[in-house]
Amino acid sequence: GKVLVQFIVRKDGTITDAKILKGAAKVLNDEALRVVRSMPAWNPGKLNGEPVDSKFVLPVVFKYNKESNNKNLRRKLRFSKPVIVKDDPQ
């Protein structure tokens, strides 16, 4: 499944306000939020050389390993390039 997670990269690079824009199953939504919230700090966006808050949309794609059994379904995360949303995050 594919989950779109929106979040804000603050001036100091921290990730805040993560939320699901387009979800899949609840377990996938929860995992996508967990992964985004646990990411290390990013390099903040800059405007005229100064750090600014930036809003991002990150597609998180889950791929299931068909060889695993149903009780212990292993999943792999693959990150695509983020989609930059050009509007004021506040």
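Taking the six-membered ring where the residue is Trp, Trp42 and Phe7 present perpendicular rings, their angle passing 60° and hence far from 30°.
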Please step through side chain to side chain contact (heavy atoms under 4.5 Å, CB included) for the pair Ile8 and Ile15, ending with a clear verdict.
CA-CA 6 Å; Ile8 297 175; Ile15 306 295; over 6 Å; no
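The two atoms that bring Pro51 and Pro44 nearest to each other are CB-CG, 4.0 Å, heavy atoms only. The two atoms that bring Lys2 and Ala24 nearest to each other are O-CB, 4.1 Å, heavy atoms only.
Residues satisfying the side-chain contact (heavy atoms from CB on, under 4.5 Å) test with Asn48, not counting sequence neighbours, are none. Evaluation of the side-chain contact (heavy atoms from CB on, under 4.5 Å) rule for Ala25 yields Val27, Leu28 as partners, not counting sequence neighbours.
Sorted by first and then second residue, the pairs that involve residues 21-30 and meet side-chain hydrogen bond (donor to acceptor under 3.5 Å, both in side chains), not counting sequence neighbours, are Lys26-Asp30.
Here CD of Gln6 is found 10.5 Å from CD1 of Ile20. Values are rounded to the nearest 0.5 Å. Taking OG1 of Thr14 as the reference point, atom CZ of Arg37 lies at 13.5 Å (rounded to 0.5 Å).
Of the charged side-chain nitrogens involved, at least one lies within less than 4.0 Å of a carboxylate oxygen, so that Asp53 and Arg10 count as a salt-bridged pair.
When side chains are defined from C-beta on, Val60 does not count as touching Val35, because their heavy atoms never get closer than 4.5 Å.
Note: the hydrophobic cluster containing Met39 also contains Val9 (ILVMFWY, side chain heavy atoms under 4.5 Å, direct or indirect links).
Crowding of Asn43 atom CG: a count of heavy atoms from other residues, nucleotides or ligands under 6.0 Å not exceeding 12.
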